[in-house]
Number of protein chains: 2
Amino acid sequence: MRRSEIRDHLLDTALRLFNQHGYHATGIDLIIAEAGVAKTTLYRHFETKEDLILAALERRDEEDRSAMRAFVEQHASDPVERLLATFDFLEASVRDKQFRGCIFVSAAGEHKDTVNPVFRAAVMHKRLAIAYFEELAHAARFAEPKRIAAEINLLHEGAMAVAQMTRIAEPARQAKRMAGQLLAAEERVPSARGGDAGQRTQAS
Amino acid sequence: MRRSEIRDHLLDTALRLFNQHGYHATGIDLIIAEAGVAKTTLYRHFETKEDLILAALERRDEEDRSAMRAFVEQHASDPVERLLATFDFLEASVRDKQFRGCIFVSAAGEHKDTVNPVFRAAVMHKRLAIAYFEELAHAARFAEPKRIAAEINLLHEGAMAVAQMTRIAEPARQAKRMAGQLLAAEERVPSARGGDAGQRTQAS
DNA sequence: GAAGAAGTATACCGATCTGTATCGTTTGGC
DNA sequence: GCCAAACGATACAGATCGGTATACTTCTTC
């Protein structure tokens with residue numbers, strides 16, 4: 001294993017264990033044992049356990065968001081359908097046998113102080129996710145893209161929280177149906193050139 | 001302090017600390033220090049830390065659900081408005097300065113194994129909460145009370161998850177608006193004696 | 001008021017925690 | 001092919017973890 005790969009391998013292992021057992025319940029000794037790496041090596045790459053957590057969250061944040069973007073852009077072209085397609089991505093994530101709830105929600109739940117760097121990293125991820133929803137809502141020409149984005153995000157969070165307990169994918173589909181119904185009743189501003197000029201057009 | 005009060009005081013203290021720091025991060029030594037009680041005393045009331053957690057969750061479960069029932073019954077009489085009033089109760093909970101997310105979601109997030117008693121206790125609480133929503137949805141004569149209850153629950157979970165991060169009460173109000181809009185479009189079965197016989201009546 | 005249960009205080013147990021130190025081996029870059 | 005950096009292995013430090021043991025005191029109850 002090349003040197004630069006070790007860091008990635010450590011992050012992968014740590015993320016898997018954090019997801020499986022949580023952050024406090026996952027000890028450094030377990031991480032290095034599962035990664036097949038000496039303790040010295042881990043601490044050469046990450047100063048503290050918190051640094052490891054932060055690096056892992058940062059990595060997962062980028063992976064998750066780019067994966068959602070790719071999925072959505074591939075599965076739908078209409079902006080409204082893209083908003084709804086985010087729930088299909090969510091469903092796929094939840095269907096993973098390893099799904100045990102959103103790791104960012106768990107991270108915030110185990111580091112509840114708002115000034116804690118781990119908490120802040122989790123908040124940052126959610127902010128960026130909402131920003132993407134807002135981008136889609138803006139492209140769909142909804143009159144209030146910020147509010148739409150917050151609503152989509154709330155449904156995502158709800159679906160993940162329910163799925164964390166039930167361990168089934170249905171909440172994701174249910175959230176999608178709810179989103180579809182809500183979006184269908186939303187005001188949209190007219191397109192720049194032509195398009196529908198009506199004030200209450202159907203969303204899907 | 002009377003003997004029987006010690007157990008309650010320990011549960012109060014433990015719940016406060018679990019809410020503030022999480023379950024793994026809250027040590028037995030901190031709990032007894034905050035409660036002003038000897039370690040022997042704690043272990044006379046609870047065999048293990050897990051037993052303490054389970055007792056604390058059980059207590060909070062009953063408190064929460066009866067508090068919600070009382071709040072809802074006092075603030076609304078119409079069944080549909082009662083479903084919406086659950087979000088007012090949620091908003092009040094979230095407004096609490098000590099709010100750091102749903103302690104049952106956190107409990108499940110720190111004890112992710114589905115066979116873990118703590119996880120199961122958290123699931124049980126959510127099941128009972130949904131049962132109450134279903135009871136209200138049934139009273140409101142919605143055609144599919146089970147689905148309605150699941151949707152209300154999903155919105156509750158979403159609002160709490162978002163509020164856990166943002167530490168503001170707005171998500172609860174937003175969830176209420178979403179619920180109101182969704183319920184307004186729902187089919188309802190005619191009342192037994194008289195009442196509206198229409199198939200798509202207004203919910204609120 | 002005696003008896004027994006339950007309280008306090010403290011010391012202790014073994015395990016585990018994060019993090020460091022030591023030292024010999026491997027490896028990549030010039 | 002040399003050298004320095006990074007690796008593995010291990011031992012260890014100091015703190016904290018959940019939980020127990022002991023000895024003394026306080027309260028409740030009959």
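In what follows, every chain begins at residue 1, and chains take the letters A, B, ... in the order their sequences are listed.
- The number of heavy atoms from other shown groups lying within 6.0 Å of CZ (B:Arg120) does not exceed 12.
- In this structure, the NE2 atom of B:His9 is 19 Å from the P atom of C:dA6, given to the nearest Å.
- A salt bridge between A:Asp61 and A:Arg65 is present, with a side-chain N of the basic residue lying under 4.0 Å from a carboxylate O of the acidic one.
- With D:dG19, C:dT18, D:dG8 as the candidates, the nucleotide lying closest to the side chain of A:Val37 is D:dG8.
- Listed in residue order, the members of residues 12-29 of chain A having a heavy atom less than 4.0 Å from DNA chain D come to none.
- Side-chain contact check for B:Lys126 and A:Thr166: no donor-acceptor pair (N or O, by modelled atom type) lies under 3.5 Å.
- Looking at heavy atoms from C-beta onward, B:Lys176 lies out of side-chain contact with B:Glu91 at the 4.5 angstrom threshold.
- For A:Glu58, the CD atom sits in a loose shell: 12 or fewer heavy atoms of surrounding residues, nucleotides or ligands are nearer than 6.0 Å.
- Taking side-chain N and O atoms only, A:Arg44 has no distance below 4.0 Å to OP1 or OP2 of D:dA5.
- Annotation: side chain of A:Thr86 is in contact with side chain of A:Leu136 (closest heavy-atom distance under 4.5 Å).
- Side-chain contact between B:Phe71 and B:Asp88 is present, with heavy atoms from C-beta onward closer than 4.5 Å.
- Atoms CG (B:Leu42) and P (D:dG19) sit 9 Å apart, rounded to a whole Å.
- When the side-chain nitrogen and oxygen atoms of B:Thr41 are compared with OP1 and OP2 of C:dT8, one or more of them lie within a distance under 4.0 Å.
- Rounded to whole Å, the distance from CG on A:Leu10 to P on D:dA6 is 15 Å.
- As a whole-Å value, the separation of A:Arg7 CZ from D:dA6 C1' is 15 Å.
- Residues A:Phe133 and A:His156 place their aromatic rings such that the two centres sit under 6.0 Å apart.
- Other residues, nucleotides and ligands contribute at most 12 non-hydrogen atoms within 6.0 Å of the CZ atom of A:Arg127.
- Look at CD1 on A:Ile31: it is 11 Å from P on C:dG19, rounded to the nearest Å.
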Under 3.5 Å between N/O atoms: give me all the protein pairs with nucleotides 10-14 of chain D, atom names plus distance.
none

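- No donor-acceptor contact under 3.5 angstrom links the side chains of B:Asn116 and B:His111, judged on distance only.
- Using a 4.0 Å cut-off on heavy atoms, the residues of residues 45-57 of chain A that approach DNA chain D are A:His45, listed by number.
- For the pair B:Asp113 and A:Arg100, the salt-bridge criterion is not met [side-chain N within less than 4.0 Å of a carboxylate O].
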